[in-house]
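Working notes, beginning with the structure itself.
Computed from heavy atoms alone, side chains included, the values below leave out hydrogens, waters and symmetry copies. We name chains A, B, ... by the order of the sequence lines, and we start the count at 1 in each one.
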Amino acid sequence: MALRVHDTRRREKVPFTTMRPGRVSMYVCGVTVYDRCHLGHARCYLAFDLIHRWLEASGYDVDYVQNFTDVDDKIIARANETREGDWLGLVDEMIDGYYEDMDALNILRADHYPRCTEHVDGMITIIEDLIERGHAYASEDGVYFDVSSAPEKYGQLTGQSFDAVRAGAGGRVGGTGGGKRDHRDFALWKAAKPDEPTWPSPWGDGRPGWHIECTAMSLDHFDGAFDIHGGGHDLRFPHHEAEIFQGECHTDHAPLVHHWLHNGFVNVDGEKMSKSLGNFWTIREILERVDPLVLRFALINAHYRSPIDMNEALLHDAERNHGRLIEAYAKALRGRTSDHPVALPQPDVASQDPLSKGLGLMERMAQGFALAMDDDFNSREAIAKVLGGVREATRLLDADLDEADANAVAHHCVAWFEELAGDVLGVLPSPDVLLAEPEEDPRRTEVADEVEALLLQRAEARSAKDWPAADAIRDRLSAMGVEVTDTADGPVWTLR
RNA sequence: GCACGGAUGUCAGAGUGGCUAUGAGCGGGAUUGCAGAUCCUGAGACCGGAGUUCGAAUCUCCGUCCGUGCUCCA
């Protein structure tokens, strides 16, 4: 098996290679912390979480760096509007919010979270070097990168040619960056303006441009080239192309990034998610009514490069599918009767023995799962294999086996689910949560006596085959918010 | 306008030239007093047109439609 990834620069799936055997250096553009994270952020960091998890499951030692952009126009504007310019307070609060949202979605932490304000010295060093090499120039309102000094680097990620982005767009130049020689140039350093945080520099007080921070942080952390650079599809231009200019001209090393990975966008009800359309969902808002693991399931239930449309049907599907998975996992957990499973027969899809055949089918699903993930992290296909495994596992767990085999099958299924759906997809709740005694819910305790009494009456009605009376009691319970399900072991009830 | 992606059944959504997944929904069946869950099972699709090929959802070309970027964006 060999991992292949879609590289935006080469525009095709390519074999995944690393600079150092067994180790992966990965940098993903982080959030600008001026507001709470929205669904688009969730999707992005979920996509790279799966990539992170699969690389580790494949045996790589991953060094994952994700930055916080903690100074920029929007942060300053928001802080001036809402908290009298206390931008540091805003930034710290939003970073806490970021961790809260991402932890809820079961996204594993990156290894390092540099903040760009901690790297201003590094940015200044790079800018000085770019000026010396003739790739940048200082003007009255800042320092700009001179794109014409390396026109061959233009359009590496978006295919636009240097000339095609024509000077005709120059009408826009006036308002921003008056010191630019060419509208394609971009700011490395912005001269100080009133009411803004500033840092001293050889070009006077000011603050860094947006693109330079990622170059400074990634070069500093990885000491040069690295294996994966990721981010949202929208960052390809200009942000990531600017990084190519800066990093490659500064280091004389090309390509500096070996694999460019970009995730697709989130739409809502078929429209682009945006504040002006009023269809802008923050993670915090949606988690008030959707289980975080269901949201996670929904968002990885499409290939990471495809656009995804967030709507009720998508969440409904995810809830159903995720529910089936959880039910099967819970059944496997409960099926373990001893910690010493006996050996199971060899898996063999061609076997006449249902046990051996079922194990063979599960093994085949696991192989398909690995092939799918190796094919540019195809989580949709991988989920299909997991759901195939749910069917096989349920069949085996329901099969008429002797106790020793049943216990061994349960252990086998638990391990299967935890390895694929747990460790890699990250959609399994912890067994403690799943198997917690429902009686511990205080709301439940409150009504338990009444419910039990009614269930007793219903049981009497049922044994007398008085179905209308039995159903009337169930309706009454339902009106109380109690759902009754009859099982082989008697009725089970849950609170809505 | 330029650039980059798309178009698969009612819906969501994978797809390595030959047999197409996985689900939701719908139809049958088993089980159940009923419901739910589970299992078995059925119907139903490859935007249009040409071409390459023994064979195309998959490759090539043309067309149509859609999305995104070109300005801050995950």
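Base pairing annotation: B:rC59 forms a Watson-Crick or G-U wobble pair with B:rG51, both donor-acceptor distances under 3.5 Å. Searching all strands for a Watson-Crick or G-U wobble partner of B:rC39 with both distances below 3.5 Å returns B:rG29. Nucleotide B:rG9 forms a pair with no other nucleotide shown, judged by Watson-Crick or G-U wobble geometry with both contacts under 3.5 Å. Under the Watson-Crick or G-U wobble criterion, with both distances below 3.5 Å, B:rU68 is paired with B:rA3. Across every strand in view, B:rG44 sits unpaired, with no contact that passes the Watson-Crick or G-U test at under 3.5 angstrom.
For the pair A:Lys153 and A:Phe245, the NZ or CZ position fails the cation-pi test of under 6.0 Å to the six-membered ring centre and within 45 degrees of the ring normal.
Side-chain atoms of A:Asn301 and base atoms of B:rG23 include no donor and acceptor less than 3.5 Å apart. Judged by atom type and distance alone, A:Asp317 reaches the base of B:rG23 through a side-chain donor-acceptor pair under 3.5 Å. Scanning atom types as modelled, one donor and one acceptor separated by under 3.5 angstrom connect the side chain of A:Arg474 and the base of B:rC34. Scanning atom types as modelled, no donor and acceptor separated by under 3.5 angstrom connect the side chain of A:Arg324 and the base of B:rG23.
Nucleic acid contact for A:Thr485: base, since at least one base atom lies under 4.0 Å from a heavy atom of the residue. Using a 4.0 Å heavy-atom distance criterion, A:Arg458 is classed as a base contact. A:Gly264 comes within 4.0 angstrom of a nucleotide base, judged by non-hydrogen atoms across all strands. Using a 4.0 Å heavy-atom cutoff across all strands shown, A:Gly40 reaches at least one base atom of the nucleic acid. Backbone-only contact: A:His303 has heavy atoms under 4.0 Å from sugar-phosphate atoms and none from a base. Across all strands shown, A:Val386 has no heavy atoms under 4.0 Å from either base or sugar-phosphate atoms.
You'll find that the side chain of A:Arg11 is closest to B:rG5, out of B:rC39, B:rG5, B:rC2. Candidate nucleotides B:rA74, B:rA14, B:rG5 were compared by shortest atom distance to the side chain of A:Ser306, and B:rA14 ranks first. Comparing B:rG33, B:rA14, B:rA74 by their closest approach to the side chain of A:Asp486 singles out B:rG33. The side chain of A:Phe237 has B:rC70 as its nearest neighbour among B:rG33, B:rA74, B:rC70. The side chain of A:Arg462 approaches B:rC34 more closely than any other nucleotide in the set B:rG15, B:rA74, B:rC34. Listed candidates were B:rC2, B:rA74, B:rU22. Nearest to the side chain of A:Asn263 is B:rA74. With B:rG33, B:rA24, B:rA74 as the candidates, the nucleotide lying closest to the side chain of A:Arg320 is B:rA24. The side chain of A:His233 has B:rU68 as its nearest neighbour among B:rC34, B:rU68, B:rA74.
Remark: A:Arg391 is in phosphate contact with B:rC40, judged by side-chain N or O atoms under 4.0 Å from OP1 or OP2. Side-chain nitrogen and oxygen atoms of A:Asn378 include at least one within less than 4.0 Å of the OP1 or OP2 phosphate oxygen of B:rG15. For the OP1/OP2 pair of B:rC4 and a distance below 4.0 Å, the side-chain nitrogens and oxygens of A:Arg305 include no atom meeting the criterion. For B:rA12, neither phosphate oxygen OP1 nor OP2 lies less than 4.0 angstrom from any side-chain nitrogen or oxygen of A:Arg380.
Minimum heavy-atom separation, A:Leu3 to A:Met373: CD1-O, 3.8 Å.
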For the pair A:Tyr45 and A:Asp101, evaluate side chain to side chain contact (heavy atoms under 4.5 Å, CB included) and give the outcome as yes or no after the intermediate values.
CA-CA 11 Å; A:Tyr45 302 111; A:Asp101 292 340; over 6 Å; no
A:Glu312 vs A:His316, side chain to side chain donor-acceptor pair (under 3.5 Å): CA-CA, chis, key distance, verdict
CA-CA 6 Å; A:Glu312 290 305 322; A:His316 174 254; over 6 Å; no
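Look at the C1' atom in both B:rU53 and B:rG6: the space between them is 26 Å, to the nearest Å. When the C1' atom is used for both B:rU38 and B:rC54, the distance is 46 Å, rounded to whole Å. Of the C1' atoms belonging to B:rG18 and B:rG27, the separation is 31 Å, rounded to the nearest Å. Nucleotides B:rU22 and B:rG69 place their P atoms 35 Å apart, quoted to the nearest Å. Separation of the C1' atoms belonging to B:rC39 and B:rU32 is 13 Å when rounded to the nearest angstrom. With P as the reference atom, B:rA12 and B:rG5 are 23 Å apart, rounded to whole Å. Separation of the C1' atoms belonging to B:rG9 and B:rA24 is 13 Å when rounded to the nearest angstrom. Between the P atoms of B:rU64 and B:rC11, the separation comes to 25 Å (whole Å).
Rounded to whole angstrom, the span from the CG atom of A:Asn67 across to the C1' atom of B:rA74 amounts to 12 Å. Following rounding to the nearest Å, A:Asp471 (CG) and B:rU32 (P) show an atom-to-atom distance of 17 Å. The nearest whole Å value for the distance from the CD1 atom in A:Ile308 to the P atom in B:rG5 is 21 Å. Taking atom CG of A:Asp72 as the reference point, atom P of B:rU71 lies 17 Å away to the nearest angstrom. B:rU22 atom C1' lies 14 Å from atom CD1 of A:Ile300, rounded to whole Å. Atom CZ in A:Arg9 sits about 17 Å away from atom C1' in B:rC4, given to the nearest Å. The distance between atom CG of A:Asp475 and atom P of B:rA35, rounded to the nearest whole Å, is 14 Å. Protein atom CG of A:Leu371 is 13 Å distant from nucleotide atom P of B:rG15, rounded to whole Å.
Between A:Arg458 and A:Asp486 a salt bridge is recorded (basic side-chain N to carboxylate O distance below 4.0 Å).
Taking for each of A:Ala470 and A:Cys29 the nucleotide of RNA chain B with the nearest heavy atom, the 5'-most of the two is the partner of A:Ala470. Between A:Lys385 and A:Lys331, the residue anchored closer to the 5' end of RNA chain B is A:Lys385, taking for each the nucleotide with the nearest heavy atom.
We find that the ring of A:Phe265 and the base of B:rA74 stack, their centres lying under 5.5 angstrom apart and their planes tilted less than 30°.
Other residues, nucleotides and ligands place no more than 12 heavy atoms under 6.0 Å from the CZ atom of A:Arg476. In A:Arg115, the CZ atom is crowded: over 12 heavy atoms of neighbouring residues, nucleotides or ligands sit closer than 6.0 Å. The 12-atom threshold is not exceeded at CD of A:Glu419, counting heavy atoms of other residues, nucleotides or ligands nearer than 6.0 Å.
Judged by distance alone, the side chains of A:Thr32 and A:Asp72 never bring a donor and an acceptor atom under 3.5 Å apart.
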